[in-house]
Structures are given as structure tokens and as C-alpha cells.
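This report refers to the structure that appears directly beneath it.
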Amino acid sequence: MNLPQRLLAPAPGWIVETDVVVIGSGIAGLTTALRVAGVGNRSSGLRVMVVTKDVLAAGSTGWAQGGIAAALGPDDTPQEHLSDTLLAGVGVCHREAVEVLVEEGPAAVRELIGLGTRFDRAISGDLSLTREGGHRRDRIAHAGGDATGAEIERALVAAVLGAPEIEIIEHALVLDLLPTSTGGVGAVTLHVMGEGQLDGVGAVRARALVIATGGIGQVYAATTNPPVSTGDGIAAALRAGATVRDLEFVQFHPTVLWLGGAAAGQQPLVSEAVRGEGAFLVDDQGVAFMRGQHELADLAPRDVVAKAILRRMAQTGADRMWLDARHFGAEKWRVRFPTILKTLTSLGIDPITELIPVAPACHYASGGVATDVFGRTSVPGLYACGEAACTGVHGANRLASNSLLEGLVFARRIAADLTAGLRVGASLPELGVDVRGAGVAAAGIRRKLQVAMSRDAGVLRDAAGLSRLSATLQKLAGQRSSDPRTESWEATNLLTVATALVAAATRRQETRGSHWREDHPNRDDARWLGHLDLRLGPDGMISTDYRPAPLEVGI
């Protein structure tokens with residue numbers, strides 16, 4: 001399949017310059033920007049620009065319901081958090097990265113509080129901590145009951161808007177990362193839907209670029225991800241020559257609100273925290289089928305619960321299962337889960353008296369642009385953070401509520417690396433030749449791609465389905481656009497990411513974590529105790545390279 005090496009965007013109509021450009025405005029991007037600029041501390045003197053696809057507050061962070069995990073309780077330790085994370089990751093976590101996460105996490109969360117994030121408190125005044133799947137301690141800090149991401153995003157956006165050191169460009173779709181004459185990257189081209197000077201296709205030149213563009217959820221027909229999550233950063237990194245790792249490990253959240261078989265796009269999430277507070281799954285006959293499936297029953301890791309739901313659906317012929325939280329009562333729903341309660345009631349579901357229909361849907365990409373523990377990628381000058389990155393923290397299956405923490409902790413590390421390595425006032429790198437590619441995909445392929453991906457690369461996969469899917473993607477790649485625009489650029493990014501994901505899923509012939517091969521049902525094959533690195537070659541083809549575990553320091 002011949003994918004474009006560079007998008008056929010017109011020449012930039014405008015160029016602006018900065019020291020560090022951060023692409024994305026969730027917890028990873030905004031934390032990076034604040035730390036690089038030195039907000040709250042002594043100014044670094046570095047110029048920082050945040051570019052974001054929608055408005056500053058849009059993106060996945062604001063949708064995070066459950067909370068942020070860290071060893072903040074008196075009976076908890078980073079070592080226990082480490083153990084739970086490694087167990088969920090099924091042998092392919094990068095241990096050093098997990099150690100960084102759990103050891104630096106508590107201080108990072110406390111800094112969020114210092115920035116103005118209002119986490120929920122117990123009557124004693126201590127943080128109110130709860131438990132989610134895979135955790136053996138209460139270590140999930142939450143805000144507004146089930147509005148943790150929205151509260152964190154609020155505090156970070158307020159801090160960024162109050163920082164004159166940080167420039168912002170909204171409604172900016174990343175197109176390409178432009179090469180320097182020495183082999184790194186030195187600029188990003190954007191399509192900005194704005195007014196005045198910064199409108200249309202332009203470029204931002206910088207000494208360092210940070211991809212914090214979030215996930216790839218829109219590659220599937222049903223997802224919890226917002227519409228902006230079309231894998232733009234990962235696709236751009238591939239075209240720039242960066243290594244992408246472990247993209248086959250896509251987490252499907254087990255309890256997404258089921259709105260009917262025809263429902264598509266972003267679907268409402270019923271947070272794992274609901275099960276953490278005692279809700280449980282049942283089938284049409286009221287059988288609590290998770291009991292006996294795993295020692296943690298309904299709080300088993302997400303891959304276990306998602307597959308158990310699908311198996312029960314297959315056994316019973318149902319197209320959804322049910323979540324029973326009727327025993328909570330009205331007050332608990334109102335105080336602990338006000339956002340979910342509002343969503344459910346707006347759709348005609350009363351969780352106080354009724355069962356909640358749920359089914360698995362795409363939720364989180366554990367893989368992404370490969371980085372070391374300072375966020376550095378395989379391309380000089382390019383960093384990645386948050387869901388767009390693969391630090392190795394999540395392994396084959398992300399532990400619940402580790403995602404916000406990963407973005408927070410590694411954003412701080414990226415900022416430390418940049419402020420230590422960039423000299424204030426230094427010149428920008430010289431740009432090299434921008435090689436143009438074979439064109440962009442037709443906007444109309446998007447829905448066909450999503451349906452095919454959900455059918456053949458969803459929770460359950462096999463060789464026949466993946467082969468059929470590969471042929472479908474190849475056919476879709478032949479449909480090109482003569483009018484490049486946002487819809488066709490997004491379709492191209494989805495096609496690039498889908499092709500890479502399918503290549504990895506086809507190569508990994510085992511069942512591990514969130515990657516389930518029906519034709520290789522034996523779990524955790526020692527021959528696959530490692531990582532798959534993906535690259536886009538000069539011929540436009542995706543290559544896969546197997547790296548045995550343990551993954552050494554670096555990338």
C-alpha cells in the first residue's frame with residue numbers, strides 16, 4: 001500500500017517563529033507549555049507556542065471521568081502502584097518508565113493542586129481517593145465526582161491564558177513536520193481556520209516540537225474519543241520518519257453506553273469508577289457473570305472485562321450487557337456521578353431504578369510515537385507526550401487512570417530536558433528539502449474505514465479478518481482527493497494510522513493484554529515478549545520490526 005510521505009499541502013502562506021511549539025492542548029500539551037515557559041517559577045526566557053486543533057479546552061482530557069492515579073494515600077506506596085501497573089501491562093511495560101511514573105506522580109499531582117485544580121475532599125479534608133479496575137489500593141483522585149478531566153483542563157487552561165509567555169493558535173490542524181538540513185525536524189505546517197494573518201496553510205518554525213495530539217479513537221466506528229482524535233500527530237510523526245511502537249495495543253473500554261447498533265462516532269462513557277463504587281455487570285437474566293472470571297471480578301483489568309462482555313454477548317445472542325448500580329440510591333448518583341447521571345437521564349435512562357446498557361468501544365491507544373523517559377523520539381528535535389506517545393508505561397494494557405498521570409509526569413520531564421538543552425536566543429535550525437508525496441485520501445473513505453476497522457481490528461481479531469481489512473485499506477488508499485481540505489487531510493491521517501495498526505496486529509501472532517487474536521488464543525506467548533516498532537519507508541510502505549523485551553533505556 002502506497003501511503004504519502006508528505007501531504008500535498010500548498011506552500012505556507014505565512015510563517016511564524018518560536019523556540020518550542022507544542023501541538024495539542026490537553027494535560028500533556030498544556031503542562032509542557034507551562035513548564036517550559038517557567039510559569040509559577042522563574043521564567044526560562046524561551047518562547048513557547050501552543051497550537052491546537054479546536055479551541056484550547058477541547059480534546060480528550062476534558063472527557064476523562066474517573067480520575068488520576070497516584071500513591072497519595074497513607075496506606076499506599078509507589079511500589080504498590082508499580083506492581084499493579086506492571087501486572088496490567090502483561091510483561092511488556094518499560095519498567096524504568098513505570099518507575100518514573102509512580103515515583104514522580106504524587107508530587108506532580110500536588111503541583112496540579114497548587115495550580116488551582118480542585119480535587120474532591122473527604123470530610124477530614126484529605127483527598128477523597130477511590131479504586132478502579134486493576135488497582136489494589138484506593139489511589140484515584142477525582143474532581144466534581146466524575147468530572148476530573150474537565151477540572152484539570154479548566155485549571156491548566158486558566159494558567160495558560162494567564163501566561164503572557166505562551167502564544168496560542170486555535171483551530172489549527174497539524175499537516176506535516178518539516179525536516180532540517182541535518183536530519184531532524186524544524187517546523188510544522190498547519191491549516192488554520194481563523195481570520196486575518198494566520199489563516200489557511202502556514203508554518204511554525206521552532207527549535208523543538210512536541211506532539212501532544214491525543215489518541216486515534218476516530219479510526220473506529222464507535223469510540224469514547226472526541227471528534228478531533230484522528231491520529232494527526234502520530235501520522236505526521238510517521239511521515240517525518242519517527243518510530244511508532246506497540247500500536248496494536250488499543251484499549252476498548254468495557255462499559256460504554258450502548259445506544260443501538262447503528263450508533264457511531266463519540267459515545268458516552270460510563271466510568272470505571274462506577275464499578276469501583278460497587279456497580280456490577282449482569283446479562284439479560286440478571287446473572288453477575290464477572291464473578292469467577294477474575295479475582296477482582298468486575299474490577300478486573302479492562303481487557304479482561306471487555307472480552308468477558310463480548311463472550312457473554314456471543315453466548316446469549318445479546319448485543320449489549322447491563323451495568324447494575326441501582327443500589328447506589330439517588331444521593332450517591334447525584335454527588336459522586338453527576339455528569340454521568342445527567343447524560344443518562346438526558347437519554348431516557350434512570351440509573352437509580354434501571355439497568356444501564358453497555359458494550360465495549362474504542363477508548364485508548366497504549367502505543368504511539370516511541371520515546372525515551374524524557375519524551376525524546378527517534379527524530380532529533382521531536383518530542384511526544386500523552387496518548388500520542390509510547391513511553392512504555394502502559395505495556396499491553398493501560399491501568400485505569402494512569403493516562404492523565406502519564407501526560408502530567410512526562411510533560412514535566414520533557415520541559416526539564418528542553419529548558420536544560422535550549423539556549424535562549426539561539427538561532428532556528430535551517431530547514432531542508434520538503435519532499436512531496438503521492439497525494440491525500442478522499443474525504444469519503446472515512447466511514448468505510450471506520451466500519452472495516454471495527455469489524456476486523458476491534459476487540460477480537462484473527463488472520464482472516466486482518467487480511468480482509470488490509471485489502472480494504474489498500475483499496476481505500478487508491479481513492480485520492482483533488483481538493484485537499486480538513487476532511488481529506490483527516491482521512492489521510494486515519495488511513496495512515498489504521499494501516500500501521502493493522503500491520504502490527506497482523507505481525508503479533510499471540511493474545512496479550514488488549515490485543516486478542518482468536519486464532520492464537522494462548523495468552524502471553526514468551527516468543528512475543530517484546531515490542532513492534534513501525535516505520536513509514538521511502539516507498540510509502542509500513543515496516544514492522546520486533547524488539548525483544550526487556551526494552552533497554554532509550555528508544
Side-chain angles (χ1 to χ4, degrees), residues 2-18 20-24 29 49-53 169 171-193 198-214 216 228 230-244 368-369 377-384 388 428-441 443 477 480-481 483-497 499-500 534-540 542:
N2 187 16
L3 294 168
Q5 281 290 84
R6 298 233 174 259
L7 294 183
L8 280 178
W14 49 266
I15 298 177
V16 296
E17 297 181 349
T18 189
V20 177
V21 59
V22 179
I23 309 166
M49 180 177 290
V50 174
V51 300
T52 188
K53 190 173 180 180
I169 302 177
H171 305 292
L173 170 65
V174 56
L175 299 179
D176 279 299
L177 309 175
L178 303 185
T180 66
S181 58
T182 57
V185 291
V188 56
T189 54
L190 307 168
H191 179 248
V192 180
M193 294 164 282
L198 300 187
D199 184 35
V201 175
V204 181
R205 293 186 63 192
R207 295 158 64 196
L209 292 79
V210 183
I211 292 176
T213 50
I216 63 173
V228 295
T230 51
D232 308 318
I234 293 175
L238 276 168
R239 290 190 292 270
T243 299
V244 169
V369 185
T377 74
S378 57
V379 176
L382 181 64
Y383 293 73
L428 294 171
E430 180 182 348
L431 295 181
V433 177
D434 180 17
V435 179
R436 296 287 163 172
V440 297
R480 302 287 177 154
S481 172
D483 178 29
R485 51 194 169 91
T486 296
E487 291 80 8
S488 53
W489 284 319
E490 285 187 335
T492 304
N493 290 334
L494 289 170
L495 178 62
T496 301
V497 171
T499 303
L534 306 165
R535 295 179 182 85
L536 180 59
D539 57 357
I542 296 287

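Basis for what follows: all heavy atoms, side chains included, without hydrogens, waters or symmetry-related copies.
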- Item | side chain to side chain contact (heavy atoms under 4.5 Å, CB included) involving Ala187 - partner list, sequence neighbours excluded | Leu178, Arg205, Leu431
Rounded distance (nearest 0.5 Å) linking atom [atom1] of [X] with atom [atom2] of [Y]:
X      : Y      : atom1 : atom2 : value
His171 : Thr486 : NE2   : OG1   : 11.5 Å
Ile216 : Asn493 : CD1   : CG    : 12.0 Å
Ile542 : Arg535 : CD1   : CZ    : 11.0 Å

- Message: Before you tell me yes or no, could you show the steps for Thr230 and Asp232 under side-chain hydrogen bond (donor to acceptor under 3.5 Å, both in side chains), namely the whole-Å CA-CA distance, both residues' side-chain angles and the distance that decides it to 0.1 Å?
- Response: CA-CA 6 Å; Thr230 51; Asp232 308 318; 2.8 Å; yes
- Message: Consider side chain to side chain contact (heavy atoms under 4.5 Å, CB included). Of Leu175, Leu190, Leu173, which one does Val201 pass it with?
- Response: Leu175
State, to 0.1 Å, how close [X] and [Y] come at their nearest heavy-atom pair, and which atoms those are.
X      : Y      : answer
Val369 : Ala237 : CG2-CB, 3.7 Å
Ala206 : Val21  : CB-CG1, 3.8 Å
Ser481 : Asp483 : OG-N, 3.0 Å
Ser488 : Ala443 : N-CB, 3.9 Å
Met49  : Thr18  : N-OG1, 3.8 Å
Gly186 : Thr180 : N-CG2, 3.4 Å

- Message: Applying side-chain contact (heavy atoms from CB on, under 4.5 Å) to Ile211 and Leu382, what does each step give before you reach the verdict?
- Response: CA-CA 8 Å; Ile211 292 176; Leu382 181 64; 3.8 Å; yes
- Message: Going by the rule ring-ring contact (aromatic ring centres under 6.0 Å, His included), which residues pair with His191 if we only count those two or more places apart in sequence or in a different chain?
- Response: Trp489
Is a donor on one side and an acceptor on the other found under 3.5 Å between the side chain of [X] and the backbone of [Y]?
X      : Y      : answer
Thr492 : Val440 : no
Thr189 : Ala203 : no
Ser378 : Thr243 : yes

If you define the side chain from C-beta out and look only at heavy atoms, does anything of [X] sit under 4.5 Å from [Y]?
X      : Y      : value
Leu177 : Arg239 : no
Val51  : Val174 : no
Val192 : Trp14  : yes

